[in-house]
> 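Okay, handing you the structure first.
It should be emphasised that the depicted structure is a prediction, and the values quoted were computed from it without experimental measurement.
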Amino acid sequence: MTRRYRHLPSLDLVHGAFALRCVEDDDIEPIRQWRNAQMEVLRQAEAISPEAQRAYFDRAIWPQMELEKPETILVTVLRDGEMIGYGGLVHCAWEHARAEISILFSPAIVAQDREYWGCLMAFLAMIEEIAFDRLRFNRLTLETYAIRDFHIGVLEDAGYVLEGRLREHVWIAGEPADSLLHAKLASDQAFSG
């Protein structure tokens, strides 16, 4: 079954070898596996079962696709037609023209810095096109745990500005860690190239 967001009937985007499309039923098992393998960088306290994953999508994601102004817009990231990640716009605040970006790539991609850099840069370019050009949002934000130095560097290479640090905001492997808040405005696009 091909799924679509009602207000974004032509969501599909292509950026070189990369493409975005709406998340679909067959994507939710790889997403679950990737989330369980990378819990230390996510707002996820315990492993997700296949049943819980399916129930979450049935309850919280699929109904969003019918809304005029969904709170969550999830996409699948493809490279040369192969699923390599997922993410999208979450906590969409339409009245304030802003959203938070969420992204997670397969562990195999994340393990290779050069490859990860290219994948994340392509994803950010495409999600910005959706957010800034199609939805006319003004502001995009990301929260990243400070342990992710490489990820933070890619965000800053893409023009995201560090706006704040939440000190000892989360516990990772029994130790407190900071969360960093980055943002980009629609007006920043011209400067990030």
> Taking a hydrophobic cluster as the set of Ile, Leu, Val, Met, Phe, Trp and Tyr residues connected by side-chain heavy atoms closer than 4.5 Å, whether directly or through intermediates, do M39 and I28 fall within one such cluster?
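Per the 4.5 Å side-chain linkage, M39 and I28 are not co-clustered.
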> Decide side-chain contact (heavy atoms from CB on, under 4.5 Å) for L13 and E129; before the verdict, give the C-alpha distance in whole Å, the side-chain angles of both, and the deciding distance to 0.1 Å.
CA-CA 9 Å; L13 286 172; E129 181 178 329; 3.2 Å; yes
> For S179 and E143, does a side-chain donor sit closer than 3.5 Å to a side-chain acceptor?
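Their side chains do contain a donor-acceptor pair, which is all the 3.5 Å distance test asks for.
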> Can a donor-acceptor pair be found, under 3.5 Å and without considering hydrogens, that links the side chain of K69 to the backbone of A93?
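Side chain of K69 to backbone of A93, a donor-acceptor pair under 3.5 Å: no, none is there.
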> Do NZ/NE/NH1/NH2 and the carboxylate oxygens of R165 and D178 come within less than 4.0 Å?
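Salt bridge between R165 and D178, a charged N being under 4.0 Å from a carboxylate O: yes.
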> Any salt bridge linking E29 with R32? Criterion: basic side-chain nitrogen under 4.0 Å from a carboxylate oxygen.
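Yes, this pair counts.
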> Are V75 and M126 packed together at the side-chain level, in the sense that at least one heavy-atom pair is separated by less than 4.5 angstrom?
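Not touching, per the 4.5 Å side-chain cut-off.
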> Is it the case that one hydrophobic cluster holds both L181 and V170, taking links as side-chain heavy atoms less than 4.5 Å apart, direct or via other members?
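No, separate clusters.
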> Using 0.5 Å steps for rounding, measure from the CZ atom of F18 to the SG atom of C119.
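If I round to the nearest 0.5 Å, the distance is 4.0 Å.
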> Mind listing the closest non-hydrogen atom pair of F123 and S102 along with its distance?
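So the minimum-distance heavy-atom pair works out to CZ-O, 3.7 Å.
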> Quick check: are there more than 12 heavy atoms from other residues, nucleotides or ligands sitting under 6.0 Å from CD of E46?
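Incorrect, the count does not exceed 12.
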> Side-chain heavy atoms under 4.5 angstrom apart, residues restricted to Ile, Leu, Val, Met, Phe, Trp, Tyr: same cluster for L124 and I152?
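Cluster IDs for L124 and I152 differ.
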> Would the distance check show the side chain of Y5 and the main-chain N or O of L74 forming a donor-acceptor pair, the cut-off being under 3.5 Å?
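Here the side-chain-to-backbone pair exists.
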> Using a distance-only test with no angle check, is there a side-chain donor-acceptor pair under 3.5 angstrom linking E163 and H182?
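Checked: E163/H182 side chains show no N/O donor-acceptor pair below 3.5 Å.
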> Go through the structure and list residues passing ring-ring contact (aromatic ring centres under 6.0 Å, His included) with F105, not counting sequence neighbours.
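So F105 forms a ring-ring contact (aromatic ring centres under 6.0 Å, His included) with Y116.
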> Same cluster for L42 and V23 if Ile/Leu/Val/Met/Phe/Trp/Tyr side chains link at under 4.5 Å?
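Yes.
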> Using the ring-ring contact (aromatic ring centres under 6.0 Å, His included) criterion, which residues pair with F57? Sequence neighbours excluded.
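ring-ring contact (aromatic ring centres under 6.0 Å, His included) list for F57, sorted by chain: W62.
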> Would you say the side-chain atoms of D133 pair up with the backbone N or O of I130, donor to acceptor, closer than 3.5 Å?
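A pair under 3.5 Å: no.
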> To the closest 0.5 Å, what do you measure between CD (E71) and CH2 (W94)?
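The CH2 atom of W94 is 11.5 Å from CD of E71, to the nearest 0.5 Å.
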> Considering non-hydrogen atoms only, spot the tightest contact between P70 and I73 and give its length.
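Smallest interatomic distance, heavy atoms only, reads CG-CG1, 3.8 Å.
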> Do V110 and Q38 have side chains that approach each other closer than 4.5 Å (heavy atoms only, starting at C-beta)?
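SC-SC contact between V110 and Q38 confirmed.
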> Looking at C92 and F137, what are the two nearest heavy atoms and their distance?
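Smallest interatomic distance, heavy atoms only, reads SG-CE1, 4.1 Å.
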> Indicate yes or no: does R3 engage D25 in a salt bridge with an N to O separation below 4.0 Å.
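Answer for the salt bridge query: yes.
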> Would you give the length of the straight line joining atom CG of D188 to atom CZ of F132, rounded to the nearest 0.5 angstrom?
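Nearest 0.5 Å value for the CG-CZ distance: 7.0 Å.
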> I need the I127 CD1 to I101 CD1 distance, nearest 0.5 Å.
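Going from CD1 on I127 over to CD1 on I101, the span is 6.5 Å.
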> Got a second to check how far H96's NE2 is from R139's CZ, nearest 0.5 Å?
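H96 NE2 to R139 CZ: 12.0 Å, rounded to 0.5 Å.
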> Passes side-chain contact (heavy atoms from CB on, under 4.5 Å), R6 versus M65? Steps please.
CA-CA 6 Å; R6 181 176 134 200; M65 292 183 168; over 6 Å; no
> Can R43 and E100 be said to form a salt bridge (charged side-chain N to carboxylate O under 4.0 Å, His left out), step by step?
CA-CA 14 Å; R43 298 174 194 144; E100 180 180 351; 2.7 Å; yes
> Less than 3.5 Å apart, which donor and acceptor atoms pair up between the side chains of residues 77-90 and the rest of the protein, not counting sequence neighbours?
| residue | atom | partner | partner atom | Å |
| --- | --- | --- | --- | --- |
| R79 | NH1 | E115 | OE2 | 2.7 |
| R79 | NH2 | E115 | OE2 | 2.6 |
| Y86 | OH | R35 | NH1 | 2.8 |

> Please find the pair of heavy atoms, one from E40 and one from A37, that lie closest to each other, and give the distance.
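Nearest heavy atoms, E40 then A37: OE1-O, 4.0 Å.
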> So how far is it from L180 CG to H151 NE2, rounded to the nearest 0.5 Å?
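Spacing of CG (L180) from NE2 (H151) equals 10.0 Å.
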> So which atom in T76 and which in E24 form the shortest heavy-atom distance, rounded to 0.1 Å?
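Of all heavy-atom pairs spanning T76 and E24, the closest is OG1-N, 4.4 Å.
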> According to a hydrophobic-cluster definition based on side-chain heavy atoms being under 4.5 Å apart (Ile, Leu, Val, Met, Phe, Trp, Tyr only), do Y160 and M121 belong together?
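In one cluster with Y160: M121, yes.
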